[in-house]
Amino acid sequence: MKKGLLIVFSGVSGVGKGTILSRLMPMEDLNLAYSVSMTTRKPREGEVEGVNYFFVSKKRFIEAIKNDELLEHARFVGNDYGTPREYVETMREQGKNVILEIEIKGAKQITEKCPDCLSIYIIPPSLEELERRLRLRGTEDDETIMKRISKARKELKDIDFYEHVVCNDDLDVAVEEVRNIILEEMNKE
Ligand code: 5GP
């Protein structure tokens with residue numbers, strides 16, 4: 001069986017990655033599996049353990065690093081995030097195309113370890129629009145929003161190493177673009 005793709009899916013906080021993915025995941029022909037990350041961040045209202053994240057203590061996170069359980073890990077605005085290795089490897093062996101929704105430092109670690117991965121970065125139409133969306137989402141306080149915007153400003157300068165950059169201005173168009181990028185990669189060779 002052909003091994004599944006490893007798809008690195010990134011984009012600044014609030015850009016709509018989650019919404020795009022919720023449209024892509026049910027598309028059967030894409031054959032996707034979503035890698036649930038481990039994080040030390042506290043759950044937001046409505047987030048479910050094992051679905052959105054594995055919410056763990058700092059101690060458990062450090063232990064996971066020591067045991068080499070994580071394929072990559074990074075710190076983001078005061079919290080740790082990492083990709084459990086086993087799920088990714090098992091799913092790929094089963095032919096599933098695994099999606100890692102991760103930030104840029106983790107994405108760099110993955111592209112170094114796995115140069116044949118597919119990397120996609122979602123950008124907002126503008127930083128003003130991003131701030132508006134983050135406020136609309138209402139899941140973070142003012143200080144955190146400003147930290148995330150400042151982080152976005154830095155991150156956007158460093159996206160050249162992604163293979164594909166997609167602008168999420170119109171959601172339907174962005175979904176279609178990402179879908180086509182994945183289909184094209186699946187049909188290679
Ligand atoms: P949030 O707190 O908004 O859920 O996530 C913050 C950032 O961490 C987002 O850019 C998200 O893509 C990223 N992230 C989530 N899981 C992981 C992971 O396992 N590894 C890395 N490096 N980043 C992650």
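Just so we're clear, the structure is a prediction, and the values are computed from it rather than from any experiment.
Residues Glu47 and Tyr53 form a side-chain contact, since some pair of their non-hydrogen atoms from C-beta on lies under 4.5 Å apart. Counting heavy atoms from C-beta on, the side chains of Val77 and Asn79 never come closer than 4.5 Å. The shortest distance between side-chain heavy atoms of Thr83 and His73 does not fall below 4.5 Å. Residues Lys147 and Glu140 form no side-chain contact, since every pair of their non-hydrogen atoms from C-beta on lies 4.5 Å or further apart. Residues Phe9 and Val178 meet the side-chain proximity criterion, which asks for heavy atoms closer than 4.5 Å. At least one side-chain heavy atom of Ile110 sits less than 4.5 Å from a side-chain heavy atom of Cys117. Annotation: side chain of Leu130 is in contact with side chain of Val12 (closest heavy-atom distance under 4.5 Å). A 4.5 Å side-chain heavy-atom check between Ser22 and Ile20 finds every atom pair outside the cut-off.
Look at Arg23 and Asp172 and you find a salt bridge, because one of the NZ, NE, NH1 or NH2 atoms lies within 4.0 Å of a carboxylate O, short of that distance. Under 4.0 Å is where a charged nitrogen must lie from a carboxylate oxygen, and between Lys59 and Glu63 no such pair does. A salt bridge is absent between Arg92 and Glu89: the closest approach of a Lys/Arg side-chain nitrogen to an acidic carboxylate oxygen does not fall below 4.0 angstrom. A salt bridge between Glu155 and Lys151 is absent, with no side-chain N of the basic residue lying under 4.0 Å from a carboxylate O of the acidic one.
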Apply side-chain contact (heavy atoms from CB on, under 4.5 Å) to the pair Thr111 and Phe161, showing each step before the final yes or no.
CA-CA 9 Å; Thr111 49; Phe161 87 100; 3.4 Å; yes
Does the salt bridge (charged side-chain N to carboxylate O under 4.0 Å, His left out) test come out yes or no for Glu184 and Lys188, once each step is laid out?
CA-CA 6 Å; Glu184 195 181 310; Lys188 267 188 188 165; 5.6 Å; no
Show your working on salt bridge (charged side-chain N to carboxylate O under 4.0 Å, His left out) between Asp29 and Arg179 and close with a plain yes or no.
CA-CA 10 Å; Asp29 57 341; Arg179 175 179 158 77; 2.7 Å; yes
side-chain contact (heavy atoms from CB on, under 4.5 Å) for Glu185 and Ile181? Distances and angles first, verdict last.
CA-CA 6 Å; Glu185 191 72 17; Ile181 291 168; 5.8 Å; no
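Under the 4.5 Å side-chain contact rule for hydrophobic residues, Phe76 and Val8 do not share a cluster. No single ILVMFWY cluster, assembled from side-chain heavy atoms under 4.5 Å apart, contains both Tyr87 and Tyr81. When hydrophobic clusters are built by joining Ile, Leu, Val, Met, Phe, Trp and Tyr residues whose side-chain heavy atoms come closer than 4.5 Å, directly or via intermediates, Leu24 is not grouped with Val173. Under the 4.5 Å side-chain contact rule for hydrophobic residues, Leu71 and Ile62 do not share a cluster.
Annotation: the span from Cys114 atom SG to Glu72 atom CD amounts to 12.0 Å, rounded to 0.5 Å. Distance check, rounded to the nearest 0.5 Å: CD1 of Ile104 to NZ of Lys157 gives 12.0 Å. Separation of atoms CD1 (Ile123) and CG (Asn168) is listed at 9.5 Å; rounding is to 0.5 Å. Of the inter-residue distances, the one linking Leu100 atom CG with Ser37 atom OG reads 7.5 Å to the nearest 0.5 angstrom. To the nearest 0.5 angstrom, Leu183 atom CG is 9.5 Å from Asn97 atom CG. For the atom pair CZ (Arg60) and OG1 (Thr40), the distance works out to 12.5 Å, reported to the nearest 0.5 Å.
Across every non-hydrogen atom of Pro84 and Val36, the tightest pair is CD-O, 3.3 Å. When every heavy atom of Gly95 is checked against every heavy atom of Met1, the shortest pair comes out as N-SD, 3.5 Å. In terms of heavy-atom proximity, Ala107 sits nearest to Ile102 at N-CD1, 3.5 Å. Across every non-hydrogen atom of Leu70 and Gly82, the tightest pair is CD2-C, 4.1 Å. The minimum heavy-atom distance linking Ser119 with Glu163 is given by the pair OG-N, 2.9 Å. Minimum heavy-atom separation, Lys17 to Gly11: NZ-O, 2.7 Å.
Tested against Ile122 for a side chain to side chain contact (heavy atoms under 4.5 Å, CB included), the candidates Ile159, Val166, Val165, Thr19 yield a single pass: Val166.
There is a side-chain donor-acceptor pair under 3.5 Å between Arg137 and Thr139.
Judged as a ring-ring contact (aromatic ring centres under 6.0 Å, His included), the pairs with a partner in residues 101-127 (not counting sequence neighbours) are, in order, Tyr121-Tyr162. Pairs of residues two or more places apart, or lying in two chains, that qualify as side-chain hydrogen bond (donor to acceptor under 3.5 Å, both in side chains) and include a residue from residues 99-110 are Tyr34-Glu101, Lys108-Asp158.
For Arg75, the CZ atom counts as densely surrounded, since its 6.0 Å shell holds more than 12 non-hydrogen atoms of other residues, nucleotides or ligands. Heavy atoms from other residues, nucleotides or ligands lying under 6.0 Å from NZ of Lys42 number 12 at most.
In this structure, Ser150 contributes its side chain and Met146 its backbone to no donor-acceptor pair below 3.5 Å. In this structure, the side chain of Lys3 does not engage the main chain of Lys96 through any donor-acceptor pair within 3.5 Å. A side-chain donor-acceptor contact under 3.5 Å links Arg133 to the backbone of Val15.
Shown here are the side-chain hydrogen bond (donor to acceptor under 3.5 Å, both in side chains) partners of Arg135, two or more places apart in sequence or in another chain: Glu131, Asp142.
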